[in-house]
Amino acid sequence: MKFARDTWLIFQRQLHLLLRNPIWVFVGVFQPVMYLLLFAPLLKPALNAPTQAAAYKIFVPGLLVLLAIFGGLFQGFGLIAELRAGVIERSRVTPVSRLALLLGRSLRDVVSLIVQAVIITLLALLFDLRVALVDLLLAYLMLALIALMTSAVSYGIALKVKSEDALAPLMNTVAQPVLLLSGILLPLTFAPGWLQGVAEWNPFSWAVDGTRALFAGDLGDDRVWQGLGIIAVLAAAGVVWAARQFARSVR
Amino acid sequence: MIETSGLRKSFRSREGRRTKTVDAVRGVDLKVAEGEIFGFLGPNGAGKTTTLRMLATLIEPDGGEATVAGVDLRKDPAEVRRRIGYVAQGGSTWDESTAREELVLHARMYGINKADAHRRAARALDAFQLTEYADRRCKTYSGGQRRRVEIALGIIHEPRIVFLDEPTTGLDPQSRAHMWDEIRRLRADGVTVFITTHYLEEADALCDRIAITDHGEVVAEGTPTELKREISGDVVLVGLDAAATPQAAQLLDGEPYVNKLETVDEGGLRLYVDEGATAIPQILRRLDTADLGLRSIELHRPSLDDVFLTKTGRSLRES
Ligand SMILES: Nc1ncnc2c1ncn2[C@@H]1O[C@H](COP(=O)(O)OP(=O)(O)OP(=O)(O)O)[C@@H](O)[C@H]1O
Ligand SMILES: [Mg+2]
């Protein structure tokens with residue numbers, strides 16, 4: 001009860017501050033829209049897709065997963081600014097739940113990601129993308145779990161390194177192989193065998209496959225529940241680990 | 001209200017390739033009574049902030065024991081948090097939010113309901129003369145305004161004990177005086193106030209008792225008056241013409257309240273007494289028996305700096 005209340009309190013505050021600075025909403029939507037408008041048209045011939053809509057079915061889920069991963073991973077920067085301002089220390093002297101300090105923030109990130117995802121989906125509808133509502137909602141659940149995990153991990157690492165200078169290269173180093181080995185931009189079906197073998201070990205690769213299966217309307221595909229399961233477990237682990245960083249002494 | 005014994009903390013920091021250990025706090029024993037303003041006075045790097053952060057549950061002590069507001073610091077830090085307020089040295093407000101939002105949020109983090117939090121925020125804004133700026137973003141505040149918001153945050157939940165880390169640093173004399181009044185008002189409400197400062201005047205004027213620290217250790221503890229008296233008592237300077245000086249010396253020499261008497265070269269006497277306030281009337285009465293043409297009488301009290309000097313061999317003003 002107290003935990004839920006605390007989480008809601010932190011979530012509200014973070015959302016309020018985000019909305020106060022609407023430039024972030026704009027930036028968050030602008031980039032993916034550019035991908036959609038400028039990059040996606042290349043895909044039909046590249047993927048050898050029969051129609052533009054078929055190309056979008058492959059590309060849009062990848063783009064959304066990409067957004068979820070990156071949107072989450074870079075949230076740590078905001079936290080470092082808060083650390084520096086003393087806001088985190090001020091929160092830590094109160095009895096507020098440490099898990100709520102993390103979860104309130106991460107849920108804000110999840111919500112802002114879902115808003116972005118909805119905008120992109122709506123735009124893609126204009127390009128004849130069609131997805132069943134159940135499939136779409138399950139895909140959003142996948143995205144939410146991914147964002148929850150990556151933002152929690154980012155917060156945890158931010159609390160550990162405490163400086164933007166260390167966080168930026170660290171996040172880029174993590175993000176790059178994750179991105180390349182997940183078949184986010186192009187499906188790994190084109191990849192040589194060894195690359196596919198390596199990608200098997202990348203949880204995001206499972207997440208992307210699952211999301212694509214949902215967009216393709218294959219609700220029964222094993223990859224769907226496997227992807228959801230893997231990401232849910234990792235998200236839970238990430239949240240627990242990061243909340244522990246909030247509980248530990250900062251500095 | 002606060003009792004510590006042997007509180008210790010060292011930090012490891014990297015210096016180039018080597019790691020160096022800094023003993024920030026090395027065995028601090030303190031006793032702070034309920035309802036007093038306790039001052040922690042010491043130069044930069046003395047370990048004041050580190051001690052406070054340990055007592056406020058922000059960092060774990062390496063050794064030693066402490067009870068804060070009747071709760072064992074190690075056994076139940078969560079309960080300690082519920083009972084204390086803490087205002088950090090380095091600020092704690094967010095640029096993009098307003099004073100009112102910060103106050104309401106902070107109150108709510110202590111479990112206070114929304115309506116009550118708003119009421120408390122309004123009252124605090126009023127008490128700290130912040131109402132005018134209450135709904136402006138914190139980044140637009142002056143340093144002093146911001147400091148006042150931070151202090152208000154620390155006491156919004158009406159804690160039994162509040163830790164204030166250098167509450168008046170960066171305030172102009174008027175705001176400082178106002179802050180002192182606020183702190184005294186807290187004491188009047190029965191709150192125990194633990195403040196750190198490196199202002200001698202502040203420790204002297206505001207605090208009921210002080211502990212002087214240096215290099216992570218407490219070197220002296222007591223009321224400001226006690227500490228200063230321990231040093232030398234007061235000095236009374238009697239201004240006289242050179243001609244009248246020997247006679248005055250004769251009159252006062254051997255009086256029970258005069259510990260030591262020196263004549264000043266240009267005329268006049270320097271009298272070492274236990275307490276100037278009671279000695280001066282007696283000195284005046286005594287000198288009145290002869291018509292000596294008294295020009296001035298001055299009381300010099302030893303300052304806390306003199307205390308620091310005798311204990312550490314350095315002056316606090318220099319370090
Ligand atoms: N996280 C840390 N890592 C390494 N050293 C630290 C750390 N925190 C404090 N110190 C060191 O511990 C010592 C005591 O620091 P502390 O901040 O407690 O001093 P202070 O009395 O509050 O000083 P000031 O009046 O400047 O605020 C200093 O030498 C400081 O450099
Ligand atoms: Mg300090």
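Every heavy atom of this structure was used, including side-chain atoms; hydrogens, water molecules and symmetry mates were not. Chain naming here is simple, since letters A, B, ... match the order of the sequence lines and numbering starts at 1 in each.
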Sort [X] into side chain, backbone, both or neither according to what part of it lies under 4.5 angstrom from a heavy atom of chain A.
X: E102(B); value: both
X: A88(B); value: side chain
X: R137(B); value: side chain

Practice item. Can you check whether anything in residues 7-21 of chain A gets within less than 4.5 Å of chain B, heavy-atom wise, and list it by number? Key: L9(A), I10(A), Q12(A), R13(A), H16(A), L17(A), R20(A)
Exercise for review: Please tell me if the side chains of L148(A) and L103(A) come closer than 4.5 Å, counting only heavy atoms from C-beta onward.
Suggested key: yes
Exercise for review: Would you mind reporting whether I80(A) and L167(A) have side-chain heavy atoms less than 4.5 Å apart?
Suggested key: yes
Point to revise | Contacts of F204(A) that satisfy ring-ring contact (aromatic ring centres under 6.0 Å, His included) - sequence neighbours left out | key: none
Exercise for review: Can you tell which part of S91(A) gets under 4.5 Å to a heavy atom of chain B, answering side chain, backbone, both or neither?
Suggested key: both
Exercise for review: Select one option (side chain, backbone, both, neither) describing which atoms of A81(A) are under 4.5 Å from chain B's heavy atoms.
Suggested key: both
Check your understanding: Checking side chain to side chain donor-acceptor pair (under 3.5 Å) for the pair T98(B)/D135(B): CA distance, chi angles, key distance, verdict?
Key -> CA-CA 5 Å; T98(B) 70; D135(B) 299 305; 4.5 Å; no
Exercise for review: Would you confirm whether E89(A), through its side chain, and G86(A), through its main-chain N or O, come within 3.5 Å as a donor-acceptor pair?
Suggested key: no
**Study point:** Side-chain (D23(B)) to main-chain (R26(B)) donor-acceptor, under 3.5 angstrom
**Key:** no
Check your understanding: Will you find, in the side chains of S151(A) and D109(A), an N or O donor that is under 3.5 Å from an N or O acceptor?
Key -> yes
Check your understanding: Do you know which of S97(B), A78(B), A56(B), G90(B) has the most heavy-atom pairs with chain A at a distance under 4.5 angstrom?
Key -> S97(B)
Check your understanding: Which residue pairs pass the salt bridge (charged side-chain N to carboxylate O under 4.0 Å, His left out) test when at least one of the two sits in residues 145-155 of chain B, sequence neighbours left out?
Key -> D95(B)-R146(B), R147(B)-E150(B)
Exercise for review: Using the salt bridge (charged side-chain N to carboxylate O under 4.0 Å, His left out) rule, collect all pairs that involve residues 70-86 of chain A, keeping only residues at least two apart or in two chains.
Suggested key: E82(A)-R105(A), R84(A)-E164(A)
Exercise for review: Sort out for me which of V96(A), V93(A), V87(A) touches chain B most, counting heavy-atom pairs under 4.5 Å.
Suggested key: V93(A)
